[in-house]
Amino acid sequence: MTASWRAFFETAPAVGRTRLEGRDHLKAGIIGYAQSGKTTLFNILTQAGARTGYAGKDEFNVGIARVPDPRLSKLSEMFRPQKTTPATIEYVDLPGVAKGEFKTASQLNSLKTADALVHVVRAFEDAGNPHPEGSIDPARDVANFELEMIFADLAAVENRLERLEKELKKSKTADLESENKLLQQLRSHLENEKPLRELEMGPEQMKRMRGFAFLSMKPEIIVLNLSESDIRSIDSAVEKFNLASWTARPRLGFSTVCGKIEAEICELPPADSPAFLEALGFAEPGLNRVIRDTYRILNLISFFTVGEDEVRAWTIQRGTPAQRAAGEIHSDIERGFIRAEVVSCAHLIAAGSMAACKEKGQMRLEGKEYVVQDGDVINFRFNI
Ligand SMILES: Nc1nc2c(ncn2[C@@H]2O[C@H](COP(=O)(O)OP(=O)(O)OP(=O)(O)O)[C@@H](O)[C@H]2O)c(=O)[nH]1
Ligand SMILES: [Mg+2]
């Protein structure tokens, strides 16, 4: 879908929610400097076929990626359901910005509802399309872009503080005062050039901050878009480009891709891609890696529901208790939760059937506090 982003996002809810609060998939915003390969990556992830190499300022793309999961395919082979439903991620591909432009870029609004940011950083050489800064330097671009997000948040904080000051003069309520205190704290953190995702906060503060949808508070996946010549050293690219010091930061992580090659793989007839991948020494297409890295950085896991009608993957935050996980499927199931029948998909796939798992004692009955594990196959018992 390509349209004027303004029209689209002005109708979108302004407050960033977590996906557990009513959306049926995760939403990630693809951002970065101009001509870094954002739309190329967007196409790889969503197969949407959006136009690349076009530096339009008013166009954005929205598409859905199916989360590849070999476990889901195996379960589907086993149950032969009418429908197999993978987990999905919605990607919004935004126009690139020039250095120094981000703070005032009107796209900022459109990122408010994103659960995560996918920041594409150019690490590929292309003489025909030179980098606007004159050289390829991912460490420089990462640092600059990070600062731009911090400054954008700082501007929003200062804006609100200014208005708060006036409001406080009129009426000194406890609520306004605690907002004032929190924002002062955020301001000094941001003035130290630190992103808000690195600030420890209590639940009350988190709640207050949510309405602002600060950019530097969102988890971030930095995707290095590599040259074809780096394809064989894809696992050491972070070190090669002097970004290792960034890897210890909370809620930020790296993924690597060679956009050009992956785009070529996407164009191949599906039957030809395994041989192409093998020739490159890859076990799977790059999009799998980027999506897996997204799950890792966002601390997400999948559980499955199985049956003759549908085999389906669901995404939850690691550490989610069974009753809340049930709410992912339907609020009625959460409300009427009785028990969860749980078997790990590894056991189920090895045993070949639910009945065989039961016989082996691999099927467990768990209560509402049970912490759902990655790969659990769950049948929720509920009563409404
Ligand atoms: N050599 C090489 N070229 C690439 C790679 N990825 C993208 N390109 C090229 O770089 C140009 C820009 O790619 P896009 O994907 O449109 O970049 P973008 O970041 O969406 O650009 P804007 O939206 O204009 O900011 C296109 O000509 C792509 O073919 C890559 O990995 N290697
Ligand atoms: Mg683009």
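Counting starts at 1 for both ligands and their atoms, following the listed order. Because only heavy atoms are used, hydrogens play no part in the values below, and waters and symmetry mates are left out as well, while side chains stay in.
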Point to revise | Separation of F124 CZ from S229 OG (nearest 0.5 Å) | key: 12.0 Å
Exercise for review: Heavy-atom contacts with A34 under 4.0 Å: which atoms of ligand 1 show up? List them by number with element.
Suggested key: 25 (O)
Check your understanding: Should we say atom CG of D235 is surrounded by more than 12 heavy atoms from elsewhere, each under 6.0 Å from it?
Key -> no
Revision key, fill the gap. Of T39, N61, I30, I31, the residue with the heavy atom nearest atom 20 (O) of ligand 1 is T39
Point to revise | K358 vs V343 side-chain heavy atoms within contact, under 4.5 Å | key: no
Exercise for review: Could you tell me whether D126 and ligand 1 have an N or O pair separated by under 3.5 Å?
Suggested key: no
Revision key, fill the gap. Between D141 and the options H119, H131, R122, the side chain to side chain donor-acceptor pair (under 3.5 Å) test singles out H131
Check your understanding: Quick one: does E228 get within less than 4.0 Å of ligand 1, heavy atoms only?
Key -> yes
Practice item. Examine T39 and say whether one of its N/O/S atoms is closer to the Mg ion (ligand 2) than 2.8 Å. Key: yes
Review point. Which bit of T40 gets closer than 4.0 Å to ligand 1, counting heavy atoms only: side chain, backbone, both or neither?
Key: both
Check your understanding: Which of parallel (below 30°), tilted (30 to 60°) and perpendicular (above 60°) describes W314 and F303?
Key -> parallel
Check your understanding: Of the non-hydrogen atoms in G37 and V120, which two are nearest, and what is the gap between them?
Key -> C-CG1, 4.0 Å
Check your understanding: Taking the six-membered ring for Trp, are F380 and F382 ring centroids under 6.0 Å apart?
Key -> no
Check your understanding: Hey, does D93 come in under 3.5 Å of ligand 1, counting only N/O atoms on both sides?
Key -> no
Check your understanding: For ligand 1, which atoms, with element, lie under 4.0 Å from some heavy atom of N129?
Key -> 10 (O), 11 (C)
Check your understanding: If you measure every N/O of F124 against every N/O of ligand 1, is any gap under 3.5 Å?
Key -> no
**Study point:** ligand 1 atoms in contact with L226 (distance to a heavy atom under 4.0 Å)
**Key:** 31 (O)
Review point. Are E158 and R163 within salt-bridge range, i.e. N to O under 4.0 Å?
Key: no
Check your understanding: Nearest heavy atom to atom 30 (C) of ligand 1: which of K260, R51, E125 does it belong to?
Key -> K260
Review point. Looking at G259, which atoms of ligand 1 are within less than 4.0 Å of one of its heavy atoms?
Key: 31 (O)
Review point. Using heavy atoms and a threshold below 4.0 Å, how should the contact between L41 and ligand 1 be classified: side chain, backbone, both, or neither?
Key: neither
Study note, to complete from the structure: In short, I349 meets M78 closest at the heavy-atom pair CA-SD, 4.2 Å
